[in-house]
Amino acid sequence: EKWQGVELEDMVRMIRMLRPQIVVNGWGGQKTGHGNHQASGYQTPKAVEAAADPTKYLDQIAEGLKPWRVETIYDPVRAMAPNEKVDYTGAWVVPADDISPIWGLSYREISVEGYLHHRSQGVTPFLNSPFVRRPYGLKRTDGGAPSPADFSQPLASLARAIPVPSEDSLKAADHDLDEARLAAEKLDWGGTVRSIAEAGKQIASLEDQVKRSPDLSAAAAMWELEQVRGRINHAFADAAAIKIVSNSDRSELVAGEGF
């Protein structure tokens, strides 16, 4: 009532823009806590349903956004009442404390660094909170645990959506990216950059072919390839960049002090 439906329209817009296969409903089933969190959990499945409906939010359709059907929704596993023990049976617990072989940090540490960008939340004292240190489990809304493979499909899985022969090129790009990862784990940044560049060439060649295709699905295929190219370019920039890490020697500063 407070937002008068604007929030649902905005959520539908984001789903149609980003076209995810998976949506994690971060506050799914939440019955306590902040009202905006509860509303988010309640509205997310409604937004997923509306995003796939070509009769909903026709102004978005007129702008060029297409209906988009999300394949799966996952809910987090959490206590639904104070002092209730969390039961992770049948859930997939995210391996957040595993160490990234490339970055040398746990995935939890990497995610906690992301909190530093949420300045409106007063995050500095929040970083050591048990809330961000707890296990995080996921379940399908239709029952059962997700598989880690759900979140890391190979590029070759896109072949079904591309209207030109593409499986060989996508498999070659997958192989190049695997080689880049292995090189990065050995700190062979030159080899990493070369392998990423080869993957980028495979995708650029496919884009050229799709641009010439008269198939009606070509525009959607181009969108998918553009997302892949963007991620490859980002990885290329990370691998080629000079890395400078600066750590302060304290967590608090007094006016006038250096660090």
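As a basis for the values below, the full set of heavy atoms in this structure was taken, side chains included, without hydrogen atoms, waters or symmetry mates.
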S.K.: Could you tell me if the side chain of Arg13 sits less than 4.5 Å from the side chain of Met17, heavy atoms only?
M.R.: yes
S.K.: For Glu49 and Lys46, run salt bridge (charged side-chain N to carboxylate O under 4.0 Å, His left out): C-alpha distance rounded to whole Å, both residues' side-chain angles, the deciding distance at 0.1 Å, then the answer.
M.R.: CA-CA 5 Å; Glu49 181 180 359; Lys46 291 181 175 295; over 6 Å; no
S.K.: Please name the pair of heavy atoms, one in Ile196 and one in Ala239, separated by the smallest distance, quoted to 0.1 Å.
M.R.: CD1-CB, 4.0 Å
S.K.: State the CD-CD1 distance between Gln227 and Ile232, to the nearest 0.5 angstrom.
M.R.: 12.0 Å
S.K.: Quick one: are Tyr107 and Asp98 in side-chain contact, heavy atoms under 4.5 Å?
M.R.: yes
S.K.: Only pairs under 3.5 Å count here: list side-chain donor-acceptor contacts from residues 177-190, not counting sequence neighbours, and write none if there are none.
M.R.:
residue	atom	partner	partner atom	Å
Arg181	NH1	Glu185	OE2	3.2
Asp188	OD1	Gly191	N	3.0

S.K.: Is Val94 reachable from Val77 through a run of hydrophobic residues whose side-chain heavy atoms are each under 4.5 Å from the next?
M.R.: no
S.K.: If only atom types and distance count, is the side chain of Asp174 paired as donor or acceptor with the main-chain N or O of Ala156 below 3.5 Å?
M.R.: yes
S.K.: Do Lys139 and Tyr74 have side chains that get closer than 4.5 Å, going by heavy atoms?
M.R.: no
S.K.: Return the set of residues passing side chain to side chain contact (heavy atoms under 4.5 Å, CB included) with Arg69 (not counting sequence neighbours), or none when no residue passes.
M.R.: Ala52
S.K.: Do the non-hydrogen side-chain atoms of Leu170 and Leu158 ever get within less than 4.5 Å of each other?
M.R.: yes
S.K.: Taking the side chain from Asn25 and the backbone from Gly41, do they hold a donor-acceptor pair closer than 3.5 Å?
M.R.: yes
S.K.: Report the C-alpha separation of Glu63 and Arg16 in whole Å, then their side-chain angles, then the decisive distance to 0.1 Å, and conclude whether the salt bridge (charged side-chain N to carboxylate O under 4.0 Å, His left out) test is met.
M.R.: CA-CA 11 Å; Glu63 292 172 17; Arg16 288 174 172 174; over 6 Å; no
S.K.: Decide, yes or no, whether a salt bridge links Arg231 with Glu226 under the criterion of side-chain N to carboxylate O below 4.0 Å.
M.R.: no
S.K.: Taking only residues two or more places apart in sequence, or in another chain, which ones meet Asp150 in a salt bridge (Lys or Arg N to Asp or Glu O under 4.0 Å)?
M.R.: Arg140
S.K.: More than 12 heavy atoms of other residues, nucleotides or ligands under 6.0 Å from OH of Tyr42: yes or no?
M.R.: no
S.K.: Is His234 atom NE2 crowded by more than 12 heavy atoms from other residues, nucleotides or ligands, each under 6.0 Å away?
M.R.: no
S.K.: Is it possible for you to say whether Val12 and Val70 belong to one hydrophobic cluster, with membership spreading through side-chain heavy-atom contacts below 4.5 Å?
M.R.: no
S.K.: Measure the spacing between CD of Gln209 and OG of Ser169 and express it to the nearest 0.5 Å.
M.R.: 6.0 Å
S.K.: May I ask you to decide whether Lys211 forms a salt bridge with Glu207, counting only side-chain N to carboxylate O separations under 4.0 Å?
M.R.: no
S.K.: What pair of heavy atoms forms the shortest contact from Lys56 to Ile61, and how long is it?
M.R.: O-CG1, 4.4 Å
S.K.: Test Arg194 against Glu198 for salt bridge (charged side-chain N to carboxylate O under 4.0 Å, His left out), laying out the working first.
M.R.: CA-CA 6 Å; Arg194 287 190 292 273; Glu198 288 301 317; over 6 Å; no
S.K.: Report the distance from atom NZ of Lys66 to atom CH2 of Trp223, rounding to the nearest 0.5 Å.
M.R.: 14.0 Å
S.K.: Grouping I, L, V, M, F, W and Y whenever their side-chain heavy atoms are under 4.5 Å apart, do Ile22 and Trp27 come out in a common cluster?
M.R.: no
S.K.: Once you round to the nearest 0.5 Å, how far does CG of Leu8 lie from CD of Gln43?
M.R.: 5.0 Å
S.K.: Near Leu216 CG, under 6.0 Å, is it more than 12 heavy atoms from other residues, nucleotides or ligands?
M.R.: no
S.K.: Specify the closest pair of heavy atoms between Ala173 and Ala199, including all atoms of both residues, with the distance to one decimal.
M.R.: O-CB, 3.9 Å
S.K.: For a quick test of reading the model, state the closest non-hydrogen atom pair linking Ser157 to Gln153 and the distance between them.
M.R.: OG-CB, 3.7 Å
S.K.: Let me confirm one number: the CG-CD distance from Leu206 to Glu224, rounded to the nearest 0.5 Å.
M.R.: 12.5 Å
S.K.: Which pair of non-hydrogen atoms, one from Ala218 and one from Pro163, has the smallest distance, and what is that distance?
M.R.: CA-CG, 4.0 Å
S.K.: Would Trp68 and Ile73 show up in the same hydrophobic cluster when neighbours are defined by side-chain heavy atoms closer than 4.5 Å?
M.R.: yes
S.K.: Measure the shortest side-chain to side-chain distance between Val93 and Tyr136 over non-hydrogen atoms and say whether it is less than 4.5 angstrom.
M.R.: no
S.K.: Leu155 versus Val228: any side-chain heavy-atom pair under 4.5 Å?
M.R.: yes
S.K.: Classify the ring geometry of Phe151 against Trp92: parallel below 30°, tilted from 30° to 60°, perpendicular beyond 60°.
M.R.: parallel
S.K.: Restricting to non-hydrogen atoms, name the atom on Ile110 and the atom on Ser100 that form the minimum distance, rounded to 0.1 Å.
M.R.: CD1-CB, 4.3 Å
S.K.: Can you check whether Ile162's main-chain N or O pairs, donor with acceptor, with Ser166's side chain at less than 3.5 Å?
M.R.: no
S.K.: Counting N and O atoms only, with roles assigned by atom type, does the side chain of Ser205 sit under 3.5 Å from a partner on the main chain of Gln202, one being a donor and the other an acceptor?
M.R.: no
S.K.: Let me know which of Val48, Asp10, Thr44 forms a side chain to side chain contact (heavy atoms under 4.5 Å, CB included) with Ile15.
M.R.: Val48
S.K.: Would Ser213 and Asp215 count as having a side-chain donor-acceptor pair, cut-off 3.5 Å?
M.R.: no
S.K.: Are the side chains of Pro67 and Asp53 in touch, meaning some heavy atoms are under 4.5 Å apart?
M.R.: no
S.K.: Are Trp103 and Asp238 packed together at the side-chain level, in the sense that at least one heavy-atom pair is separated by less than 4.5 angstrom?
M.R.: yes
S.K.: Can Leu105 be reached from Ile102 by stepping across I, L, V, M, F, W or Y side chains whose heavy atoms are under 4.5 Å apart?
M.R.: yes
